[in-house]
Amino acid sequence: QVRLVESGGGLVQAGGSLRLSCAASGTIVSLNTMGWYRQAPGKQREFVATITSGGTTNYADSVKGRFTISRDNAKNTVYLQMNTLKSEDTAVYYCTARGNYWGQGTQVTVSS
């Protein structure tokens, strides 16, 4: 049974930083493409970033240069470091494994 648990969300001022974590069980993050998506109120869920088993990363244009996805194989955890946050980054952030399994989400609110 695959379980993904996100944490690290919260309220931050514009220009600040947060680091989200996604702890996985029932799957091995280093063997899968892991990703982060987000959903703002009234909007569809959108792609943020992915990291493949080979370590290749990919980012949405809106976060490129500000967000960094990484993983800790020993902890079986994926991270999303978010810097220079903007109000438009406010959303619920979801972790996914292969697009098939999803966490419950963590709220990120950026105040301007």
Side-chain angles (χ1 to χ4, degrees):
Q1 180 181 354
V2 177
R3 186 167 183 239
L4 304 173
V5 180
E6 301 99 333
S7 61
L11 174 64
V12 63
Q13 288 189 331
S17 299
L18 282 175
R19 188 178 79 157
L20 306 183
S21 300
C22 171
S25 58
T27 189
I28 300 173
V29 299
S30 63
L31 300 182
N32 291 282
T33 294
M34 302 295 296
W36 288 95
Y37 282 68
R38 67 187 182 187
Q39 187 167 16
K43 295 187 177 181
Q44 290 190 335
R45 192 172 296 189
E46 64 175 7
F47 163 76
V48 175
T50 54
I51 182 167
T52 69
S53 57
T56 300
T57 58
N58 190 30
Y59 298 93
D61 288 343
S62 59
V63 307
K64 205 170 291 184
R66 300 188 297 122
F67 290 12
T68 302
I69 188 170
S70 63
R71 65 180 183 228
D72 184 328
N73 295 340
K75 295 182 178 180
N76 209 35
T77 298
V78 178
Y79 302 98
L80 185 68
Q81 177 68 44
M82 306 186 295
N83 299 327
T84 320
L85 283 161
K86 306 175 181 180
S87 57
E88 51 262 44
D89 295 319
T90 295
V92 178
Y93 283 72
Y94 297 91
C95 175
T96 180
R98 305 195 305 271
N100 293 330
Y101 302 96
W102 297 84
Q104 82 288 349
T106 186
Q107 176 71 47
V108 172
T109 303
V110 184
S111 63
S112 57

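What you see is a predicted model; the values in this text were computed from it and never measured.
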### Query
Atom OG1 in Thr50, atom CG in Asn58: separation rounded to 0.5 Å?
4.5 Å
### Task
With sequence neighbours excluded, tell me which residues meet side chain to side chain contact (heavy atoms under 4.5 Å, CB included) with Ile28.
Ser30, Leu31, Asn76
### Message
How close do Ser112 and Ala14 get, counting heavy atoms only, and between which atoms?
### Response
CA-CB, 4.2 Å
### Message
Tell me whether Glu6 contacts the main-chain N or O of Gln104 through its side chain, where contact means a donor paired with an acceptor under 3.5 Å.
### Response
yes
### Query
Which ILVMFWY residues are connected to Met82, directly or by a chain of links, through side-chain heavy atoms under 4.5 Å apart?
Val2, Leu4, Val12, Leu18, Leu20, Val29, Met34, Trp36, Val48, Ile51, Tyr59, Val63, Phe67, Ile69, Val78, Leu80, Leu85, Tyr93, Tyr101, Val108, Val110
### Query
Who are the side chain to side chain contact (heavy atoms under 4.5 Å, CB included) partners of Thr84, not counting sequence neighbours?
Arg66
#### Entry: Arg3 atom CZ: more than 12 heavy-atom contacts under 6.0 Å
no
### Residues that Ser62 engages under side chain to side chain contact (heavy atoms under 4.5 Å, CB included), provided they are two or more places apart
Arg38, Ala60
### Message
Could you work out, with side-chain hydrogen bond (donor to acceptor under 3.5 Å, both in side chains) as the rule, every residue matching Asp61, not counting sequence neighbours?
### Response
Lys64
### Query
Is there a donor-acceptor pair under 3.5 Å between the side chain of Arg71 and the backbone N or O of Ser53?
yes
### Message
Considering only residues two or more places apart or on different chains, which pairs with a residue in residues 7-25 satisfy side chain to side chain donor-acceptor pair (under 3.5 Å)?
### Response
Ser17-Asn83
### Query
If you take all heavy atoms of Gly9 and Thr106, which pair is closest and at what distance?
N-OG1, 3.2 Å
### Query
If you measure from CG on Leu11 to CD on Gln107, what distance do you get to the nearest 0.5 Å?
9.5 Å
